[in-house]
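Hydrogens, waters and symmetry mates play no part in the numbers below; they use all other heavy atoms, side chains included. Nothing here was measured: the structure is a model prediction, and the numbers come from that model.
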Amino acid sequence: MHKPITFDRFIHWATITAVVIAVIALLNYLSNVLMPFFIAWALAYLTYPLVKFVQYRMKFKNRSLSIIVSLLLIIIVLGGFIALISGEIISQMKQLGDYIDVFVQQHTESDSVSMYIKEWLSSNRHEIEQFVKENDITGTLKSALPQLWMVISQTYSVIIGFGVVLITLLYTFFILLDYEYLTTHWVKIFPKSVRPFWSNVAVDVEKAMNNYVRGQSLVALTMGILFCIGFTIIDFPMAIGLGILIGIMDLVPYLHTFALIPTAFLALMKAADTGQNFFLVFGLAVLVFCIVQVIIDMWVTPKIMGEAMGMNPAILLLSLSVWGSLLGFIGLIIALPLTTILMAYYQRYVTREDEAQPSPPEERDVQ
């Protein structure tokens with residue numbers, strides 16, 4: 001039976017709504033400050049199993065040392081993979097430089113690109129001097145200054161980004177240092193009357209995140225294997241390495257689309273090396289992207305993530321579209337676990353489908 005809407009209930013819900021809006025506005029205002037902390041929590045959540053393994057299975061009694069060893073292991077693995085990929089890319093870039101020199105030798109009388117530039121500057125010295133002496137050089141400088149400022153601001157952004165990375169790592173270290181205490185006692189920031197609710201929320205969030213991480217990891221593994229097979233079939237350079245890179249990038253949904261940049265570069269290298277048409281080589285690589293993406297979106301993701309998150313494939317794809325449109329890149333990351341939690345709480349508190357069912361054993365009163 002529905003309770004009648006009274007003035008007190010109206011004021012109560014209006015106050016709750018105002019508080020929620022104020023909290024959202026505050027979080028949005030402090031997003032730049034809070035983002036490293038939230039990222040650190042996510043990293044701590046993913047790293048905690050490795051820290052436990054290092055501490056208890058490898059007999060590192062000190063938690064701080066276990067955290068440092070775990071982070072170093074992750075950095076070494078990622079650094080080794082990046083070094084493997086970047087080493088191959090650097091060698092390919094050197095090869096590209098050789099191809100450019102050959103092209104210059106065939107179409108000019110110079111022996112290299114640097115020699116061609118020197119000859120061009122020498123032969124056009126008079127025109128360059130005239131250009132510099134023109135009255136509109138001030139306008140040229142004015143148009144160039146914004147570009148210079150852009151370069152300076154981008155350099156500053158890189159420095160700030162490096163500082164943010166260091167702060168995030170510090171956050172991660174201190175969170176892992178007291179991970180058990182923080183995850184079991186954070187609920188004490190709320191009044192005792194609402195602690196059971198927030199404790200249940202934490203249980204539901206952890207369950208949804210566990211299912212999401214396992215499901216997305218399996219999707220990324222499948223995507224990496226498919227790309228390795230596809231690139232090998234078309235005899236694309238660095239087929240296995242590029243496929244593995246795309247699989248790792250897909251741990252964040254749709255991040256692998258940025259892999260089209262190194263793919264275009266490798267297609268250029270193959271075209272220069274074999275004499276094939278660049279657009280043909282790159283077109284075949286894009287075709288592999290399209291085929292794999294269709295397989296992943298139409299079959300793999302709905303099957304794996306649908307079972308892991310307990311959602312119908314249509315709802316799953318709608319969730320990605322809606323949250324991606326609302327929150328962009330971050331929305332794609334949180335879409336599935338957040339939708340799962342919202343659906344569970346809608347059924348629990350609005351439709352009350354599980355009202356007659358006994359409470360699960362994990363729902364306990366945290367006092």
Side-chain angles (χ1 to χ4, degrees), residues 26-87 89 152-187 189 202 205-206 208-210 212-214 216-217 220-221 224 244-256 258-259 262 327-334 337-338:
L26 181 62
L27 290 176
N28 184 59
Y29 179 75
L30 299 175
S31 59
N32 292 333
V33 178
L34 295 176
M35 186 59 68
F37 182 76
F38 290 142
I39 294 175
W41 259 111
L43 291 176
Y45 170 78
L46 296 173
T47 310
Y48 179 65
L50 179 60
V51 173
K52 286 202 305 180
F53 176 82
V54 171
Q55 183 175 3
Y56 298 112
R57 295 302 180 96
M58 299 179 65
K59 307 301 182 182
F60 282 82
K61 299 300 182 182
N62 187 280
R63 170 57 69 90
S64 300
L65 184 59
S66 302
I67 296 171
I68 294 173
V69 171
S70 300
L71 293 177
L72 285 176
L73 286 175
I74 295 173
I75 292 173
I76 289 172
V77 172
L78 293 178
F81 178 77
I82 292 174
L84 178 65
I85 298 296
S86 60
I89 291 177
I152 295 174
S153 63
Q154 289 176 351
T155 304
Y156 175 77
S157 300
V158 170
I159 296 174
I160 294 298
F162 183 73
V164 170
V165 170
L166 291 180
I167 293 174
T168 303
L169 289 176
L170 284 175
Y171 276 141
T172 305
F173 177 83
F174 289 118
I175 291 172
L176 286 170
L177 200 59
D178 296 308
Y179 188 84
E180 295 87 352
Y181 180 84
L182 292 174
T183 54
T184 55
H185 290 78
W186 69 272
V187 74
I189 64 176
V205 169
E206 183 177 5
M209 288 303 300
N210 286 337
Y212 174 74
V213 170
R214 287 196 297 266
Q216 188 62 34
S217 298
L221 176 62
I244 295 174
L245 175 64
I246 293 174
I248 293 175
M249 294 175 69
D250 193 60
L251 289 173
V252 178
Y254 296 100
L255 182 63
H256 65 278
F258 289 101
L327 301 177
F329 182 69
I330 300 297
L332 293 175
I333 300 176
I334 67 173
L338 185 59

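- Screening Leu46, Leu43, Leu177, Ile67 against Thr172 for a side chain to side chain contact (heavy atoms under 4.5 Å, CB included) leaves a single residue, Leu43.
- Closest non-hydrogen pair, Met249 versus Ala259, comes out as CE-N, 3.9 Å.
- Taking the six-membered ring where the residue is Trp, Trp41 and Phe37 present perpendicular rings, their angle passing 60° and hence far from 30°.
- Classification of the Tyr48-Tyr179 ring pair by plane angle, with boundaries at 30° and 60°, yields parallel.
- Counting heavy atoms from C-beta outward, Tyr45 and Ile175 have side chains that stay 4.5 Å or more apart.
- Between Ala220 and Gly247, the closest heavy-atom pair is CB-O, 3.2 Å.
- Ile246 places none of its side-chain heavy atoms less than 4.5 Å from the side chain of Asp250.
- In terms of heavy atoms, Val54 sits closest to Ser70 at CG2-OG, 3.5 Å.
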Could you walk me through whether Arg63 and Val51 pass side-chain contact (heavy atoms from CB on, under 4.5 Å), step by step? CA-CA 8 Å; Arg63 170 57 69 90; Val51 173; 3.9 Å; yes
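- Applying the side chain to side chain contact (heavy atoms under 4.5 Å, CB included) test between Val69 and each of Leu71, Leu72, Leu73 identifies Leu73 as the sole match.
- For the pair Thr47 and Phe173, the minimum side-chain heavy-atom distance is 4.5 Å or more.
- Residues Ile68 and Phe60 are not in side-chain contact: their nearest non-hydrogen atoms beyond the backbone lie 4.5 Å or more apart.
- Across Ala40 and Tyr171, no two heavy atoms sit closer than the pair CB-CB, 3.3 Å.
- The closest donor-acceptor contact from the side chain of Asp178 to the backbone of Tyr181 lies at 3.5 Å or more, if one exists at all.
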